[in-house]
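Order of the sequence lines fixes the chain letters, A, B, ..., with proteins taken first and strands second; residue numbering starts at 1 for each chain. Worth knowing before you read on, the calculation uses all heavy atoms, side chains too, and leaves out hydrogens, waters and symmetry mates.
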Amino acid sequence: FFIFPVVLKASTGLGDLGMGEQLHGLVIKRQFVSNKYVANALIDMYGKCGCLHDAKMVLETMPERNCVSWNSIVTACAASGVAFEALEYLEKMESLGGLMPNIVSWSAAIGGFTQTGYDEEALELFHVMLAAGVEPNARTLATVLPACARLKAWFSGREIHGYVTRHEYMSNAFVINGLLNVYRRCGDMHNALKIFLKFSIRNIVAFNTMIVGYCENGEVGKAKELFDGMDLARICKDTITWNSMISGYIDNGKYEEALNMFRHMQTKEGVEADTFTLGSALNACADMAALRQGKQIHAYAIARCLQTNAFVGGALVEMYCRCHDLAAAQMAFNGITDRDLTSWNALISGYSRCNKAEDIDNLFHKMRAEGLEPNSYTWNGMIAGHIENGHMESVLRLFSKMQSMNLKPD
RNA sequence: UCCAGCUUCGCU
């Protein structure tokens, strides 16, 4: 009766589907399924465990549904990645259930879109919600802001900024940092700084966002100031902080600084270089054609067993190719455990740049034999290599071959 | 009983 919802919630939290199913059986035996609270908890449990079908079954068989029942099914769809179906249930809630969607319903449906990359749809639905006279809460804002950021929807960000200013109570870290990120993605560091200074969240994520923003804006000096200022603010730098600063230096052509930072990082307690760190550091070596330093990082990668990772491996391949050491590149490639298209692309463009036309055909076929189809990067890499080596006839030949494979040039 | 992608990386 009263304890089933609570116990079901616990099994949901643990992601324990088996336990949830057992409870379902028990609930049926005792005829508690007709209880709204119990049934709603069941919908939620199935939804979160990825059993959308079972969640729907519960919804359909329960004698009467309330707002939470519909919200749970909307959430279930969103969690299963079927955003448009979530939207359908939002509509059915009103048409079939005769209930008006509340803020939870709207937020859940919007979340369905942001989680699957339908950013325009998420933002559009957010505006539909506002037009319907429903006031957003902090969670709603935290859900739409990443979509705004990716879309570089400065105006929507401004709108939410104004809203948050008028309703201070909803300015939690998720919202403020989300807003900060919208401005930084729009390249508007002026407004980003305003928010950063005005709202006193200023946690590690806020610092990291600002550092990235300044680096992208060509203001590495400002980024470094913030980086150094973190100790004073008594914020402990994490791997993301270091990675952001390192790749920021690289993007601004300051390779030496990037590698110094990488070395500095290794002396610090509590932070470990990860695949991002190594990938970035290797890119710096590739751009400088610094084979010696690249090899050092390679050794470090092996010591940490990170050379099998596709990202690090790809960066190694790239680095060796830039240094014209194809044998080493091939070895690094072979060491990648789960190679993907990008690994192949790196190797192919390397062979191409080094004028090894015969090997490319070979690689090309091996790649397809592994079930991977060339994409535009593959072709660009091959073509760019031929151009560098002055084989204009081959370029034209490749170009027509590419078109015969139904790929459009870009 | 229901709603959260806060920030960093790779192949032209």
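Here the nucleotide nearest the side chain of A:Ser280, chosen from B:C11, B:C9, B:G5, is B:C9. Checking B:U1, B:A4, B:C11 against the side-chain heavy atoms of A:Pro5 singles out B:U1 as nearest. Here the side chain of A:Ala384 is nearest to one of B:U12, B:G5, B:C2, namely B:U12. Comparing B:C2, B:A4, B:U8 by their nearest atom to the side chain of A:Ala142 picks out B:A4.
Residues from residues 36-44 of chain A that place a heavy atom under 4.0 Å from any atom of RNA chain B, listed by number: A:Tyr37, A:Asn40, A:Ala41, A:Asp44. For residues 104-111 of chain A, proximity to RNA chain B is found at A:Val104, A:Ser107, A:Ala108, defined as any non-hydrogen atom under 4.0 angstrom from a strand atom. A heavy atom closer than 4.0 Å to some atom of RNA chain B occurs in A:Asn243, A:Ser244, A:Ser247, these being the qualifying members of residues 242-254 of chain A. Near RNA chain B, defined here as any heavy-atom distance below 4.0 Å, the residues from residues 119-140 of chain A are A:Asn137, A:Arg139, listed numerically. Listed in residue order, the members of residues 208-234 of chain A having a heavy atom less than 4.0 Å from RNA chain B are A:Asn208, A:Thr209, A:Val212.
Rounded to an integer number of Å, the gap from A:Leu99 CG to B:C3 C1' is 17 Å. For the pair A:Met189 CE and B:U7 P, the interatomic distance rounds to 15 Å; values are reported in whole Å. The interatomic distance linking A:Arg339 (CZ) with B:C11 (C1') rounds to 15 Å, in whole Å. If you take CG of A:Leu179 and P of B:G5, they are 17 Å apart, rounded to a whole angstrom. Rounded to whole Å, the distance from CG on A:Leu347 to P on B:U12 is 13 Å. Note: CZ (A:Phe174) to P (B:G5) measures 9 Å, nearest angstrom. Here the P atom of nucleotide B:U12 and the OH atom of A:Tyr351 are 17 Å apart, to the nearest Å. Per the geometry, CG belonging to A:Leu341 stands 8 Å off C1' belonging to B:C11, to the nearest Å.
Within 4.0 Å (heavy atoms only), A:Asn172 reaches at least one base atom of the nucleic acid. Nucleic acid contact class of A:Arg185 (heavy atoms, under 4.0 Å, all strands): sugar-phosphate only. Nucleic acid contact class of A:Arg322 (heavy atoms, under 4.0 Å, all strands): sugar-phosphate only. As judged by a 4.0 angstrom heavy-atom cut-off over every strand, A:Asn35 is placed among residues making no nucleic acid contact. Residue contacts shown for A:Gly350 are absent, as no nucleic acid heavy atom lies under 4.0 Å away.
Heavy atoms of other residues, nucleotides or ligands lying less than 6.0 angstrom from CE of A:Met331 number 12 at most. Within 6.0 Å of CD on A:Gln31 lie no more than 12 heavy atoms contributed by other residues, nucleotides or ligands. Other residues, nucleotides and ligands contribute only 12 or fewer heavy atoms inside 6.0 Å of the NZ atom of A:Lys295.
In this model, the phosphate group of B:G10 is not approached by any side-chain N or O of A:Thr342 to a distance below 4.0 Å at OP1 or OP2. Using a 4.0 Å cut-off, some side-chain N or O of A:Lys48 falls inside it from OP1 or OP2 of B:C3. Between A:Asn181 and B:U7 there is a side-chain N or O to OP1 or OP2 distance below 4.0 Å.
Proximity of a side-chain donor or acceptor of A:Arg304 to a complementary backbone N or O of A:Ala273 within less than 3.5 Å is detected. At least one donor-acceptor pair under 3.5 Å links the side chain of A:Asn375 to the backbone N or O of A:Thr378.
Ring-centre distance between A:Tyr183 and A:His190: not below the 6.0 Å cut-off. Aromatic ring centres of A:His24 and A:Tyr46 lie closer together than 6.0 Å. Proximity of the aromatic rings of A:Phe2 and A:Tyr37 is defined here by a centroid distance below 6.0 angstrom, and this criterion is not met.
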>> For a salt bridge (charged side-chain N to carboxylate O under 4.0 Å, His left out) check, start with the C-alpha distance between A:Asp231 and A:Lys237, then their side-chain angles and the critical distance, and finish with the verdict.
In response: CA-CA 8 Å; A:Asp231 297 325; A:Lys237 301 184 187 86; 3.1 Å; yes
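Atoms NZ and SG, on A:Lys56 and A:Cys51 in that order, are 12.5 Å from each other to the nearest 0.5 Å. Expressed to the nearest 0.5 Å, how far CD of A:Gln330 lies from CG of A:Leu363 amounts to 6.5 Å.
Between A:Trp242 and A:His264, the two ring planes are perpendicular [angle over 60°; tilted spans 30° to 60°].
Here the options are A:Asn362, A:Leu347, A:Leu372, the test is side-chain contact (heavy atoms from CB on, under 4.5 Å), and the partner is A:Met367; only A:Leu372 passes.
Geometrically, A:Lys224 does not engage A:Phe227 in a cation-pi contact defined by less than 6.0 Å to the ring centre and at most 45° from the axis. With a 6.0 Å cutoff to the six-membered ring centre and a 45° limit on the axis angle, A:Lys401 counts as a cation-pi contact of A:Phe364.
Taking all atoms of both residues into account, the shortest heavy-atom contact from A:Val175 to A:Asn172 is N-OD1, 3.0 Å. Scanning both residues, A:Ile250 and A:Ala258, for their nearest heavy atoms gives CG1-CB, 3.5 Å.
Under the ring pair (Phe, Tyr, Trp, His ring centres under 6.0 Å) criterion, A:Phe32 pairs with A:Phe4, not counting sequence neighbours.
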